[in-house]
Amino acid sequence: MRRFSGDGRLPNFPSSLKSGPRPVYSMANAPERYNPREQEPFWQKVWADNKTFETRNDDPRPPYYVLEMFPYPSGRIHVGHVRNYTLGDVIARFQRAKGKNVLHPMGWDAFGMPAENAAMANKVHPRQWTYDNIAAMRSQLKAIGLSLDWSREFATCDEDYYHRQQMLFIDMMEAGLVTRKVSKVNWDPVDQTVLANEQVIDGRGWRSGALVEQRELTQWFFKITDFAEDLLTAIDGLDEWPDKVRIMQRNWIGRSEGLRVLFEMTDNDAGLETVEIFTTRPDTLFGASFVALSPDHPIAAAIARSDAALAEFIAECHRMGTSAETIETAEKQGYRTALTVKHPVIEGATLPVYVANFVLMDYGTGAIFGCPAHDQRDLDFARKYDLPVIPVVLPPDADPEAFSVGAEAYSGPGVAYNSDFLDGLDIDAAKNAIARHLEARMIGGTPQATRQVNYRLRDWGISRQRYWGCPIPVIHCDTCGIVPVPADLLPVRLPEDVEFDTPGNPLDRHPSFKHTTCPTCGSPARRETDTMDTFVDSSWYFARFTAPRAETPTIPAMADKWLPVDQYIGGVEHAILHLLYSRFFARAMHRTGHMHVTEPFKGMFTQGMVTHETYKDREGRWLAPSEVVLGFAEGQRSATTPGGEPVAIGSVEKMSKSKRNVIDPDDMIATYGADTVRWFVLSDSPPERDVQWTEAGIEGAWRFVQRAHKLVSDARDILALDPVTIAGNPTIGSDLLKAAHKATRQIEADLVGLRFNRAVAQIYEFANAIHKAMPAIAEAPSLDSLAALREAVERFIQFVAPMMPHLAETCWALLGHEHLVCNAPWPEVDPAYLAEDSVVLAVQVNGKRRGEIEMPKDAANDQVEAAALSLDAVARILDGNPPRKVIVVPNRIVNVVA
RNA sequence: GCGGGCGUGGUGGAAUGGUAGACACACAAGACUUAAAAUCUUGAGGCUGUAUAGCCGUGCGGGUUCGAGUCCCGCCGCCCGCACCA
């Protein structure tokens, strides 16, 4: 155990704590109130001066790595951050008490668009803006008293960090994990710039208001799909992740077994012979009524060259954002081409070929067949264009004569009918039968169908046409092609002298950055001006923390020592992308020799979001809650500005800087202290649940801080009394110890299970128990009862310590301890104190509670039954009749069935 | 549109299929005080009732079970994600 000053004595204590023992419960000598403004900075300085939370890699204790998702430096922290970091801090402090060598670092996810937006709006350089924000947020975080190892801090925009990220990129290139391909971006034709999905509002650019177009660019990709199968199957092993996150990841990867099927053209005027579709429901092929191509399908492009109306339809589809949400929520539209195809299994039948806006080019083959009876999208489309709806799957117990599809497609189980040789087969058997049938048929030398495992997961496009990100370390040479920047020329630094007066990528128009020479042949060449998606930055920072100053991206031995992260904590909004990208990166870093583990996060906890109402003024500008005055008018909640201007109350959403619905914790911390705020965010809601922020209740948390302090100082005064007997009242002390050990067990279980709100409730109950016991102990202090009181109060302080660390240190010192409570080992549970000799069982009649009986623990069932039946209430209902049945659940409940 | 989650008193919430509302907030009454704050004590899901007690009650509608907040089916509402917000 580390002492916090050279001679092991307390450093100079804030003066209010120095008064000695006083007579108990005397108003004249009421203990002074706990003053967090004095105590919190004091203990923060003690921790910092003693490097209490700096983690040594050579510490012999077992390692434990707890990490909260690092913040984007938006400028100020909000209560969502406080919740996130407090949760992690409780775990870190608890694991330290359990004897672990805890790594609990902090950094900054510091690249990204807001810095460039600020540069445009306020003429401040993104670097300046970012580092200023970091400084402000760092001091806010420090005021919370988190047990962080600040010596490992870094920001992803530090040259030191993105240098190593460029090294990783080049290693990944060499390992074949990087590729280039064409993909679509949102293009603002007025600002001549690429827009993020977030910047497209109702199909228009947020700044220019111009209608957004889809435009194709050649971009850099990480080949995450190479790991699709492994990323999927390894989810099974992530047994300390929430089920919902595992389900979401599985669905995102979206493995499906399906069939690619060739449809022959009825004539090949255009030189086209077949179109290949992908389907996961080949069993419904007999119900096909059309074929639809993506607007980006090569065949669509080919016919559009001679079909002006189709070209216009495709252009219309491209006047839409690129996000899946936009595409899928748009009204389903199609264009009927002149093409028709032969029905693959119905001789002589043909199907029309449409181009449809809901068919995605990058899923399957970019073409589908539509079976309206059994797919809702196809049904909507068929109703709109008056296409046949032929049911071919009969639901169980349905009458084949009467069954029909109205407004809803039937996608449930059943057997094939109206389907020739498939009739009577269930869905899986029908899929196999049709696959075998088509695989055996040849069209122009190839089988008509091939089975294919398809993934919804796409490769990860990392190119961003922006300044404030990690430069992609590559040079384009006309003779040598794409040349990675050699290691000795890294890092590729972001130039400082950039202008944000015009939209677009400043790197692309920078006088010297773009133009360079080829490192291989020395001829003039162009430097890549795309920077990396900021998700790249956050996909390996957890590994960098294990050796934050290393010359190489990681020191593999250190990464292997600490990883996987034992407990990772963050918002459920990151449940898919960030976690999946990090899992990919772990595999990529494994393959490139930077570490041996392949899963980054052993335990995952998704905290609920902190949400708040949003507000907009007349002009539609977002307003912060602090700029809004709430009231009641005509029986409804209303809002105005302080000047009386009307304000629209919007929906409740997660706190975000862009919507300005954030609550800054500084005022609360200034008023009540960090411990009160920490206690408050932990106490009421289960941490995984979303909470709508309200300050109602913070007063209660504040009162508990004072009550806890008073409890300890009162106890200290009692403990200073001379015992008048040895044993005294025999039950006071033992009851207190029973409560203490029971509380220890419960609180430990709740902390391990991250049920902090329940731990808080347990602490309240235990505090109440001590409070009740104290007057009697003070009245007749005995050796036993005083010892019990000391143990109870010390445990109480230790229970509180992970949650309210400053208060706990003060209280601990108050009892005369010379070492920090944050280094004290977690108390043991003695099972002897947990034994109960009698239990209360509820007695039900027909499932309705009618009374209760107290019985010895583990009493025989027939004794319990007899006791239950002898209850007046039970006898009255039975009215002399024997019970039909009696169910006894040992030590819990008796149910009499009358 | 698709995927995921959530819904319990005035409020936050508790409850391995086994006594619904622990613990707290807010509220009310009382004690202390010239008074207030703070503190302490007590009360409380709703309805009926002096009380014993009875009935109702976990978003809505069904179902399984001796027993359902919990499991199943169908709805409603809200929140998150949908690949260039982080």
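Within the nucleic acid shown, Arg703(A) comes within 4.0 Å of sugar-phosphate atoms alone, with no base atom in reach, counting heavy atoms only. Here Val889(A) lies in heavy-atom contact (under 4.0 Å) with a base. Within 4.0 Å of Val245(A), counting heavy atoms only, lies no atom of the nucleic acid at all. Contacts of Lys332(A) with the nucleic acid, taken as non-hydrogen atoms under 4.0 Å apart, are absent. Nucleic acid contact for Ile247(A): sugar-phosphate only, since backbone atoms but no base atoms lie under 4.0 Å from a heavy atom of the residue. When heavy atoms are screened at a 4.0 angstrom cut-off, Asn768(A) is found touching the sugar-phosphate backbone but no base atom. Residue Arg689(A) is in sugar-phosphate contact alone, with no base atom involved, counting any heavy-atom pair closer than 4.0 Å across all strands shown.
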Annotated protein contacts, base or backbone, on nucleotides 77-86 of chain B with a non-hydrogen cut-off under 4.0 Å, one of B, S, - each: --SSSBBBBB
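When the side-chain nitrogen and oxygen atoms of Arg884(A) are compared with OP1 and OP2 of C66(B), none of them lie within a distance under 4.0 Å. Regarding contacts with the backbone of G67(B), every side-chain N or O of Arg892(A) stays at 4.0 angstrom or more from both OP1 and OP2. Contact annotation: Lys848(A) side-chain N/O to A20(B) OP1/OP2 distance is not under 4.0 Å. One finds a side-chain N or O of Arg850(A) lying less than 4.0 angstrom from the OP1 or OP2 phosphate oxygen of G54(B). Side-chain nitrogen and oxygen atoms of Ser685(A) include none within less than 4.0 Å of the OP1 or OP2 phosphate oxygen of G12(B).
Ion pairing between a basic and an acidic side chain is recognised when a charged N comes within 4.0 Å of a carboxylate O; Glu653(A) and Lys659(A) show such pairing.
A donor N or O paired with an acceptor N or O is not found under 3.5 Å between the base of G3(B) and the side-chain atoms of Asn251(A).
Below 30°, between 30° and 60°, or above 60°: for Trp129(A) and Tyr72(A) the angle between ring planes is between 30° and 60°, a tilted geometry. Between His709(A) and Tyr34(A), the angle of the ring planes lies from 30° to 60°, which puts this pair in the tilted group.
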Chi angles and distances behind the ring pair (Phe, Tyr, Trp, His ring centres under 6.0 Å) call for Phe585(A), Phe222(A): CA-CA 10 Å; Phe585(A) 244 80; Phe222(A) 284 141; 5.7 Å; yes
Secondary-structure string, 5' to 3', Watson-Crick or G-U under 3.5 Å, | for another-strand partners, for RNA chain B: (((((((..(((.....[....))).(((((.......))))).((((....))))..(((((..]....))))))))))))....
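Here Trp679(A) and Phe704(A) bring their ring centres to under 6.0 angstrom of each other.
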